[in-house]
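Encoded as structure tokens, the structure appears first; notes follow it.
Atoms within a ligand are numbered from 1 in the order they appear, just like the ligands themselves.
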Amino acid sequence: MPTESGMPGFLSGYRDADRVKKVIEQIHQITNQTWTLMEICGGQTHAIMQFGLDQLFPEKIELVHGPGCPVCVTALELIDQALWIAQQANVIFTSFGDMLRVPGSTGNLFSVRASGGQVRVVYSPMDAVKIAQENPEKEVVFFAIGFETTAPANAMAVLQAEKMGLQNFSILPANVCVPPAMHAILSSPANRIQGFLAAGHVCAVMGYWEYPPIAKQYQTPMVVTGFEPLDLVRGVYKTIGMLEEGRVDVENAYPRAVTFEGNQVAQSLIMQVFEPVDRNWRGIGTIPKSGYGLQENYQGFDATHRFDAGNIQTAESELCIAGQVLQGIKKPVECPAFGSLCTPQSPLGAPMVSAEGACAAYYQYKRET
Ligand code: SF4
């Protein structure tokens with residue numbers, strides 16, 4: 001297999017058109033068969049669309065888009081629990097901003113705020129801890145969404161609240177994990193994924209030691225991939241290289257941020273506070289051990305119990321095919337509501353809301369296939 005061009009010295013070098021073109025030429029040279037690859041992460045989906053990379057690859061390569069958008073996969077019942085908790089009189093509900101527009105069964109967090117609920121946007125769970133400290137008469141809840149990337153900060157917030165003796169802070173646990181989702185996608189009878197671009201930021205925290213057994217079990221090569229154009233084309237190049245050679249392995253195309261072991265301090269923080277639990281992914285269903293729930297010692301920080309919000313029943317829009325989109329079975333443009341009943345201004349499903357959602361990417365960058 002030919003060698004790729006060398007490592008650029010500055011971040012801007014990862015957008016250098018000549019370097020990107022050179023790797024794309026190499027991809028054309030080594031591609032003989034048709035291949036379907038999935039990029040897990042919604043951030044990668046947006047970068048691929050933004051820079052038009054999907055239109056530069058050989059026609060024999062199809063990229064489909066995975067469930068790696070935390071806003072998109074947060075289960076409807078969790079959104080409804082968030083809405084219910086945020087409506088309680090004594091609550092300040094805190095969240096990252098992109099969750100406020102995500103539709104639940106009866107509205108979204110913006111509509112709760114418009115009707116008088118105290119919903120605040122924060123940039124970190126530690127901001128929520130500070131709000132709890134400053135408002136001892138209020139219950140302060142943080143919506144703890146995200147993949148493994150946000151879990152260490154969520155764990156840190158719980159530990160800090162415990163250290164400060166805060167009785168009025170809790171989280172709504174909603175973290176999800178990538179490896180169980182890979183298992184779910186690859187074991188599905190409808191699966192057509194032959195190679196994975198693994199999400200570089202998740203691997204920066206978790207490493208990629210969990211991936212070789214999955215690659216081996218499903219005979220699917222994986223490449224840890226970053227988010228700039230040169231990172232992405234290198235990820236595709238390495239994946240196609242393995243597929244064409246009939247080789248199954250896990251390779252790292254993002255070594256400036258990712259090691260095999262990952263950030264072990266962050267991993268031990270997660271394990272100190274959370275434990276794996278079954279989690280419902282919006283549009284996909286329950287994936288065993290695919291989420292982080294609070295360990296028994298920290299159950300007092302679980303807003304689900306504190307507000308008795310665990311039994312809320314939900315109803316998803318019948319038009320939305322987000323589950324199939326998030327598993328790479330269908331493209332957003334195959335949804336009958338795409339661009340008509342469902343737009344970023346009036347979204348029916350979460351993938352049209354989030355900046356990382358595949359439907360929003362297709363809409364923003366005007367993809368028709
Ligand atoms: S276009 Fe809208 S309705 Fe269709 S799958 Fe995407 S989010 Fe759901």
Side-chain angles (χ1 to χ4, degrees), residues 36-50 54-55 62-83 95-112 143 145-147 174 176 181 184-185 188-193 199 279-287 290 313-369:
T36 303
L37 314 185
M38 172 180 274
E39 81 277 358
I40 297 265
C41 172
Q44 292 171 333
T45 304
H46 264 256
I48 287 166
M49 301 285 155
Q50 181 186 357
D54 54 321
Q55 298 171 331
E62 182 185 6
L63 288 178
V64 295
H65 321 300
C69 157
V71 172
C72 304
V73 299
T74 299
L76 186 59
E77 65 259 26
L78 277 167
I79 307 288
D80 285 354
Q81 286 171 11
L83 298 179
S95 170
F96 297 132
D98 47 3
M99 289 307 292
L100 268 61
R101 290 181 58 234
V102 178
S105 298
T106 56
N108 58 27
L109 286 167
F110 267 129
S111 58
V112 172
F143 200 174
I145 71 144
F147 279 84
V176 285
I185 290 167
S188 162
N191 172 54
R192 58 197 189 95
I193 309 307
R279 177 133 295 148
N280 192 8
W281 293 50
R282 190 167 194 173
I284 296 177
T286 299
I287 302 178
S290 66
Q313 300 300 313
T314 59
E316 190 75 77
S317 162
E318 287 179 6
L319 288 173
C320 183
I321 61 161
Q324 294 177 73
V325 171
L326 294 169
Q327 294 175 80
I329 296 168
K330 288 201 171 170
K331 294 279 179 78
V333 289
E334 293 176 70
C335 172
F338 177 83
S340 53
L341 293 172
C342 181
T343 64
Q345 291 71 38
S346 178
L348 283 182
M352 190 59 96
V353 174
S354 164
E356 295 190 355
C359 299
Y362 271 62
Y363 188 88
Q364 184 174 350
Y365 300 111
K366 299 188 172 30
R367 291 297 187 278
E368 292 175 353
T369 56

Between Ser346 and Thr343, is there a donor-acceptor pair closer than 3.5 Å when you use the side chain of the first and the backbone of the second?
-> no
Short side-chain to backbone donor-acceptor contact, Ser290 and Thr286, under 3.5 Å = no
Would Ala322 count as a contact of ligand 1 if the rule is a heavy atom under 4.0 Å away?
-> yes
Backbone N or O of Lys331 within a donor-acceptor pair of the Glu334 side chain at under 3.5 Å?
-> yes
Does Cys342 put an N, O or S atom under 2.8 Å from atom 6 (Fe) of ligand 1?
-> no
Asn280 side chain to Ala75 backbone, donor-acceptor under 3.5 Å = no
More than 12 heavy atoms of other residues, nucleotides or ligands under 6.0 Å from CD of Glu318: is that the case?
-> no
Among protein heavy atoms, which sits nearest to atom 4 (Fe) of ligand 1, and what does the distance come to when rounded to 0.1 Å?
-> Cys335 SG, 2.3 Å
The protein heavy atom nearest to atom 8 (Fe) of ligand 1 is Cys320 SG, 2.4 Å
Applying a strict 4.0 Å limit to heavy atoms, is Leu319 in contact with ligand 1?
-> no
closest protein heavy atom to atom 6 (Fe) of ligand 1 is Cys359 SG, 2.3 Å
Heavy atoms, side chains only, cut-off 4.5 Å: are Met38 and Ile185 in contact?
-> yes
Should you measure from each heavy atom of Gly349, which atoms of ligand 1 turn up under 4.0 Å away?
-> 7 (S)
